[in-house]
Number of protein chains: 2
Amino acid sequence: MQIRILGDIMAEEEIKKISLAVIRRLPKYHKCLGELLRNNVEKVSSQELGQMLGFTASQVRQDLNNFGEFGQQGYGYNVEQLYNEVAKILGLHTEHKMVIIGAGNLGQALANYKDFESHGFKIIAMFDINPRLTGLRIHGVPVYDLEELSYVINENNVDIAIIAVPKENAQQVADVLSGTIIKGIWNFAPIEIKVPPHIMVENVHLIDSLFTLSYKINENKLMERLIKQKSKRFEVKEKIIKKLP
Amino acid sequence: MQIRILGDIMAEEEIKKISLAVIRRLPKYHKCLGELLRNNVEKVSSQELGQMLGFTASQVRQDLNNFGEFGQQGYGYNVEQLYNEVAKILGLHTEHKMVIIGAGNLGQALANYKDFESHGFKIIAMFDINPRLTGLRIHGVPVYDLEELSYVINENNVDIAIIAVPKENAQQVADVLSGTIIKGIWNFAPIEIKVPPHIMVENVHLIDSLFTLSYKINENKLMERLIKQKSKRFEVKEKIIKKLP
DNA sequence: TAGATTGTTAATCGATTAACAATC
DNA sequence: TAGATTGTTAATCGATTAACAATC
């Protein structure tokens, strides 16, 4: 009986969701391990791996232990094994078929990105409403009319759709995608699209990223001004306090 | 004397750095306030603003109070005023001149992004080593030989450089940029570039983003497997425990 | 075996949320 | 004035770091 209860507790504990912070570090591990592997490095300690990535050894061990026990006391981690485990965690063990909606500059640029295919993400089609584009092949990828989106996705077991249309049309496209077998949307339109909960969304909001850079550039000046302002306010308060008793 | 000490303490407190989490929310506030402004909404409460963005009212107030006291008790925030304040915080009150290094598909796509210019980020030049591109104008932006990079930046008061070259050449470009008056680098190459500390860097690592999406798609299956694994391990431990006294 | 390094628990740190006095 | 909502302090929650027993 005691054991049943313990089991239930464990199951509950296990279901605790992995935090996005951890997830976003996984690609870094994957890349670093890939480089070590290519350099024929056989083993790596949490200490070393952390050093290369700017993480603490503790964090590396905590991160990895969310997914299993991949290391060996007194030895460290086998690079090849860990690389494969991380790849599996990231879902890179299966091929992914992708389509791009929007064959404009961004869509074309993405269609030409060699890195995707080399990691098992294959772009099989693009879609556009512009009749001057449909029928063409861009970087080897056929461009279809948007009308055919659902059909092509469902026929070809496409699991990822890339939204590269203007923000005005993004939700419309998302709605069509919601009726297909798609599992994830990589959204480059600067809006928050609404989709059913079984479809995962990852946003690339470039303008947000640029604004963040702008903030960083501006930060020093901003803080100087802020301190001046606050100390002025502080002086005023001082005066008020002095006038009391 | 008492007051001097208090002042010092305050100054110290103020210098505490704003966390990246806060900074990355600022563009969201900016966008939302911009929409409200366009809809002629005059005032907004932290409650309402939070609701629209999926933040708590508390978080909205905490975030904004990092930078000043923009609201009014019993009223809320004036939309126009707050919009302008957030814009100032993000450094959008001054024009930014940008150059793109790498006139390939990505560089061209970025050169054609209307959103940048409409927010005060003006792309004045592109650079490439390909002699078939240099001398051309792409989406109205002149393409120069990479040799001229430093000169053009320094002559035109360019403050942001966009790296859109293959990863093999990214550090080289970053090194050249480090010798110019540039203040920030928006890096699209999938490596961590090294630059002097006065130059701010914002990375857009697309492959990391795609891998994160892949993880999300894969997560459910992954967790199921994980729970099975762990409960199996747990059963083994149970047996061992049972064998003891 | 001794040394190394893991997996994991405990302590610390930081960010988010709640509460409430101040005040418009 | 009464009601509303801020700015800010305190409580909570979650993520990171430290510590250490387990074990290769």
Side-chain angles (χ1 to χ4, degrees), chain A residues 6 9-10 13-26 28-29 41-51 53-79 81-82 85 226 229-230 233-234 236-237 240-241 244, chain B residues 6 9-10 13-26 28-29 41-51 53-79 81-82 85 226 229-230 233-234 236-237 240-241 244:
Chain A
L6 264 172
I9 291 166
M10 291 223 34
E13 240 179 68
E14 258 124 41
I15 290 167
K16 74 162 181 248
K17 246 204 149 203
I18 310 292
S19 84
L20 195 61
V22 174
I23 298 165
R24 293 210 182 278
R25 280 193 293 272
L26 291 174
K28 316 280 183 198
Y29 291 120
V41 179
E42 216 172 64
K43 75 184 183 85
V44 69
S45 68
S46 57
Q47 179 67 240
E48 293 164 333
L49 195 51
Q51 196 132 53
L53 289 162
F55 308 155
T56 62
S58 214
Q59 181 158 63
V60 171
R61 294 202 298 279
Q62 290 278 30
D63 283 350
L64 297 176
N65 274 98
N66 280 306
F67 303 100
E69 296 171 336
F70 305 129
Q72 202 159 83
Q73 281 98 331
Y75 173 82
Y77 300 87
N78 176 279
V79 170
Q81 191 210 324
L82 188 58
E85 290 289 353
L226 236 154
Q229 257 177 47
K230 279 218 183 175
R233 245 201 332 261
F234 181 69
V236 173
K237 277 187 189 170
I240 292 165
I241 291 164
L244 293 177
Chain B
L6 265 171
I9 290 166
M10 292 224 33
E13 240 180 69
E14 259 123 40
I15 290 167
K16 76 164 179 247
K17 245 204 151 201
I18 310 292
S19 83
L20 195 62
V22 174
I23 298 166
R24 294 211 182 277
R25 279 193 293 271
L26 292 174
K28 316 281 184 198
Y29 290 119
V41 179
E42 216 172 66
K43 75 183 182 85
V44 70
S45 69
S46 56
Q47 179 67 239
E48 294 164 333
L49 196 52
Q51 196 132 54
L53 290 162
F55 307 156
T56 63
S58 213
Q59 181 159 63
V60 171
R61 294 203 298 278
Q62 289 278 30
D63 282 351
L64 298 175
N65 273 98
N66 279 307
F67 303 101
E69 296 171 336
F70 305 130
Q72 202 157 84
Q73 281 98 331
Y75 172 84
Y77 300 87
N78 175 279
V79 171
Q81 191 210 325
L82 188 57
E85 291 288 354
L226 236 154
Q229 257 176 48
K230 279 217 181 174
R233 245 201 331 260
F234 180 69
V236 173
K237 276 188 189 169
I240 293 165
I241 291 164
L244 294 178

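Lettering follows sequence order; numbering is per chain, from 1. Source: prediction; values computed, not measured. Heavy atoms only: backbone and side chains are in, while hydrogens, waters and symmetry mates are out.
Of the candidates dT8(C), dT8(D), dT16(D), dT8(D) carries the atom nearest the N65(B) side chain, counting heavy atoms from C-beta on. Side-chain proximity of S45(A) to dT16(C), dT5(C), dT8(C): nearest is dT5(C). Of the candidate nucleotides dT16(D), dT6(C), dT8(D), dT6(C) has the atom lying nearest to any side-chain atom of Y77(A).
Of all heavy-atom pairs between E48(A) and K43(A), the closest is OE1-O, 4.2 Å. Y75(B) and E42(B) make their closest contact through OH-O, 4.2 Å (heavy atoms, listed as atom of the first residue, atom of the second, distance).
N78(A) places its CG atom 13 Å from the P atom of dT6(C), with the value rounded to the nearest Å. Atom pair L64(A):CG and dT6(C):P shows a separation of 9 Å (rounding to whole Å applied). Straight-line distance from the CD1 atom of I23(B) to the P atom of dA15(C): 10 Å, rounded to whole Å. Across the protein-nucleic acid pair, N66(B) atom CG and dT16(C) atom C1' stand 12 Å apart, rounded to whole Å. Rounded to whole angstrom, the span from the CD atom of Q47(A) across to the P atom of dA4(C) amounts to 13 Å. Between the CZ atom of R25(A) and the C1' atom of dT16(D) there is a distance of 8 Å, rounded to whole Å. Rounded to a whole Å, the CG atom of L20(A) is 15 Å from the C1' atom of dA15(C).
Among L53(B), V44(B), L49(B), the single residue meeting the side chain to side chain contact (heavy atoms under 4.5 Å, CB included) criterion with V60(B) is L49(B).
N65(A) places no side-chain N or O within 3.5 Å of a backbone atom of Q62(A) that could act as its donor or acceptor partner.
Pairing for dA18(C) is with dT9(D), a Watson-Crick or G-U wobble pair whose two hydrogen-bonding atom distances lie under 3.5 Å. The pairing partner recorded for dG3(C) is dC24(D), the criterion being a Watson-Crick or G-U wobble arrangement whose two distances lie under 3.5 angstrom.
To the nearest 0.5 Å, atoms CG (L64(A)) and CD (Q59(A)) are separated by 10.0 Å. Here D63(B) contributes atom CG and L26(B) contributes atom CG; the two are 7.0 Å apart, rounded to the nearest 0.5 Å.
Taking 4.5 Å as the limit, some side-chain heavy atom of R61(B) sits within range of a side-chain heavy atom of Y77(B).
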Taking protein heavy atoms under 4.0 Å as touching, what does nucleotides 17-24 of chain C look like 5' to 3' if B marks base contact, S marks sugar-phosphate-only contact and - marks none? BBBB-BBB

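Nearest-nucleotide assignment on DNA chain D puts the 5′-proximal partner with S46(B), out of S46(B) and V22(A).
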